[in-house]
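Written below as structure tokens is the structure these notes are about.
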Number of protein chains: 2
Amino acid sequence: MPVTLKEIAAVAGVAPNTVSTILNGKKNWTSEETRKRVIEAANRLGYKPNRLARGLRLGKYLTMGLIVPDLLNPYYALFARSLEKVLDANGYDLLIEDSEASLAREQLCLSRISEHQIDGLVCSLMDPQGCSPKLKSLVENGRPVVCIGRVPAELNVDVFRSDFSQGISEAILHLKELGHLKIAFVSGLPEGQSEDGQRFRFFRTMVLDSGLSFTEKLYIRCGHSMAHAREAFTKYWKSTPDTERPTAVIALNDLLAIGVMRSCLDLGLHIPQDVSIIGIDNTEIADNLPTRLTSIAQSYEEMAAAAAHRLIARCRNSITQGQTDEVIMPTRLIIRESTGRVCKHTHEPQIASL
Amino acid sequence: MPVTLKEIAAVAGVAPNTVSTILNGKKNWTSEETRKRVIEAANRLGYKPNRLARGLRLGKYLTMGLIVPDLLNPYYALFARSLEKVLDANGYDLLIEDSEASLAREQLCLSRISEHQIDGLVCSLMDPQGCSPKLKSLVENGRPVVCIGRVPAELNVDVFRSDFSQGISEAILHLKELGHLKIAFVSGLPEGQSEDGQRFRFFRTMVLDSGLSFTEKLYIRCGHSMAHAREAFTKYWKSTPDTERPTAVIALNDLLAIGVMRSCLDLGLHIPQDVSIIGIDNTEIADNLPTRLTSIAQSYEEMAAAAAHRLIARCRNSITQGQTDEVIMPTRLIIRESTGRVCKHTHEPQIASL
DNA sequence: CTGAAAGCGCTAACAT
DNA sequence: ATGTTAGCGCTTTCAG
């Protein structure tokens with residue numbers, strides 16, 4: 001039985017609403033004397049406001065929602081933390097949902113989020129359209145929504161995303177300068193989805209643009225964990241003839257890159273002498289691995305902060321409803337030890353192409 | 001403006017409570033005809049129940065709380081996921097709070113959790129007493145609480161924890177068999193706390209029990225991230241004379257172990273030839289590092305599942321209130337590549353001690 | 001089998 | 001300057 005306003009009112013000998021105005025610091029001029037008495041009583045009884053009741057009354061829950069595909073990925077965990085920091089400072093709480101990279105669970109998360117009457121939502125969705133009926137109805141009900149990464153089709157929401165074209169083209173240029181001719185891409189695909197992701201599409205475009213060749217064989221698909229990447233890469237390597245094997249790999253994220261790195265070592269390959277590896281996200285571990293991982297950095301902390309501010313502004317109605325933005329953050333390549341010059345004898349006429 | 005029961009009732013031509021009973025599958029015998037009409041209307045309008053209103057009415061929010069010290073630690077992220085899986089299956093939602101290993105934030109998390117009227121709480125607290133007034137008042141208000149890891153002083157709650165004595169003694173025995181005489185412990189301490197943790201106390205006891213020596217110099221304290229551990233270890237190594245340096249290190253968790261590993265490589269030390277390293281938690285990355293990390297495994301998934309079941313049972317009042325349990329899970333050493341025989345020439349009379 | 005009414009805790013309007 | 005009242009959306013008696 002938690003303490004209610006009414007109980008405090010009884011103890012302090014005032015009406016419930018008086019307690020409410022005092023505790024919420026409303027400017028209604030209350031006498032200093034009753035004010036003290038009320039606050040003292042509230043503290044003594046250990047009063048905690050009931051957010052459900054307040055949310056119901058106000059139509060505002062002072063809570064935002066966040067949906068991410070994988071909390072085990074430190075990138076998203078850090079994103080959540082950065083988001084929370086800003087929300088916190090503005091009196092908002094954060095409800096985190098992990099869709100576990102499954103389209104089905106994603107729908108479930110959306111349902112739960114809307115049941116919770118959250119004031120606004122930040123979401124990084126796997127859904128290629130990014131526009132399920134559930135998300136749509138949230139938006140249509142007037143809930144501010146900010147999408148991260150993917151641009152939802154035909155939906156009037158703010159979008160914050162990284163421009164990977166820059167980071168990826170730097171990565172490919174870097175590899176090309178080191179003499180790599182065949183670069184593979186390792187991608188974690190969400191359960192139940194087969195569509196190519198944005199990062200991969202950039203990758204393919206940039207590879208072709210830089211004059212290198214790309215074949216479907218250089219696109220390695222797997223699940224979204226380190227173990228998935230490791231197994232997929234090992235299987236791939238063993239089943240691919242030497243002439244078709246890549247000398248460099250770019251992975252969808254650092255986690256998958258670590259899996260590939262482990263796989264290479266299992267196969268007796270040296271990094272970067274035999275295979276160069278590049279991750280994406282530049283998470284803390286990239287710089288702490290025994291072989292430091294070259295990675296494409298996104299400025300996710302800035303992105304999280306910007307998303308939070310936008311969401312708060314929308315909730316306070318200080319932004320015109322109809323007008324939405326797409327904010328694009330830069331990415332850049334952080335070169336470390338997992339990339340190096342091609343050392344291995346290749347079957348390609350390498351000299352001719354230099 | 002989300003859809004309410006009343007609106008559905010209006011559309012279906014019935015009373016709001018009829019809709020409620022039908023949608024909640026209560027056994028009140030409603031005619032099959034109105035039932036269909038109501039369900040159809042609810043679906044068509046995209047009805048989502050308002051959890052705030054329901055929670056307020058029922059006094060049950062169907063939501064549990066979780067407080068962890070660091071969501072960036074994959075151990076806790078996975079714990080959260082395992083917990084959620086069980087709660088999900090039982091209709092409960094999970095509200096995750098990250099105390100960021102700060103005692104001050106921990107209090108804040110407790111406040112927020114209780115404001116949210118959660119039905120029950122799972123918490124892994126840094127607070128050495130584990131018994132702040134806030135936690136106490138939650139328990140006294142009849143909220144079921146399960147503590148993970150630490151046993152709160154004088155508080156009647158269920159506790160689930162790992163018995164590290166086994167894992168740590170296996171680790172020390174393992175190191176001793178490999179010829180190590182000086183073993184250091186690297187510990188991440190929460191902001192604003194200086195008390196020795198349980199894991200360290202076990203470590204010290206086991207070291208002494210096994211006949212090795214332990215000096216305060218072998219206790220390295222740092223923050224709770226990889227970077228903290230790396231910097232602390234580098235500084236430690238450089239400021240410690242060769243004769244006092246350890247040949248093996250046990251870290252509070254895998255993350256810190258990775259930081260130490262990185263530091264060793266920075267210092268030009270080889271693993272395990274110069275320094276052996278053991279982590280705790282056996283997270284996925286331990287098995288995927290270029291130098292696989294020997295680590296002490298906890299069965300956290302079982303622990304999370306057990307904690308969830310206990311909490312649910314308590315919420316359903318199927319357990320006598322007064323009676324609490326302390327459940328202890330085993331730990332065990334997983335030996336990988338980061339530990340090996342002492343190769344370095346030591347200044348100790350090593351032969352004599354063999 | 002279905003409707004009407006009350007109330008969970010809180011806050012905004014209105015009254016005193 | 002404080003008290004009274006009503007109602008947010010939902011569910012649970014109790015009547016019809």
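- The interatomic distance linking A:Lys6 (NZ) with C:dC8 (C1') rounds to 9 Å, in whole Å.
- For A:Tyr61 and B:His116, the gap between ring centers is short of 6.0 Å.
- Salt bridge absent: A:Lys36 and A:Glu40 never bring a charged side-chain N and a carboxylate O closer than 4.0 Å.
- The side chain of B:Thr21 contributes no N or O atom lying less than 4.0 Å from OP1 or OP2 of D:dT12.
- Listed for the B:Arg51 side chain is a donor-acceptor partner under 3.5 Å among the backbone atoms of B:Leu62.
- Proximity of B:Ser20 to the phosphate of D:dT11: a side-chain N or O atom is located under 4.0 Å from OP1 or OP2.
- Phosphate proximity of C:dT2 to B:Thr34: present, with a side-chain N or O under 4.0 Å from OP1 or OP2.
- In this structure, A:Leu66 and A:Glu97 have side chains that are not in contact, with every pair of non-hydrogen atoms separated by 4.5 Å or more.
- Remark: A:Thr4 is not in phosphate contact with C:dG9, judged by side-chain N or O atoms under 4.0 Å from OP1 or OP2.
- Of the residues in residues 37-65 of chain A, A:Leu56, A:Arg57 come within less than 4.0 Å of DNA chain D through at least one heavy atom, sorted by number.
- A donor-acceptor pair under 3.5 Å is formed between the side chain of A:Asp119 and the backbone N or O of A:Thr63.
- Under 4.0 angstrom from either OP1 or OP2 of C:dA4 there lies no side-chain N or O belonging to B:Asn17.
- By the side-chain hydrogen bond (donor to acceptor under 3.5 Å, both in side chains) test, A:Lys136 is found to be paired with no residue, residues two or more places apart in sequence or in another chain being considered.
- Taking atom CD1 of residue A:Ile8 and atom C1' of nucleotide C:dC10, one finds them 12 Å apart after rounding to whole Å.
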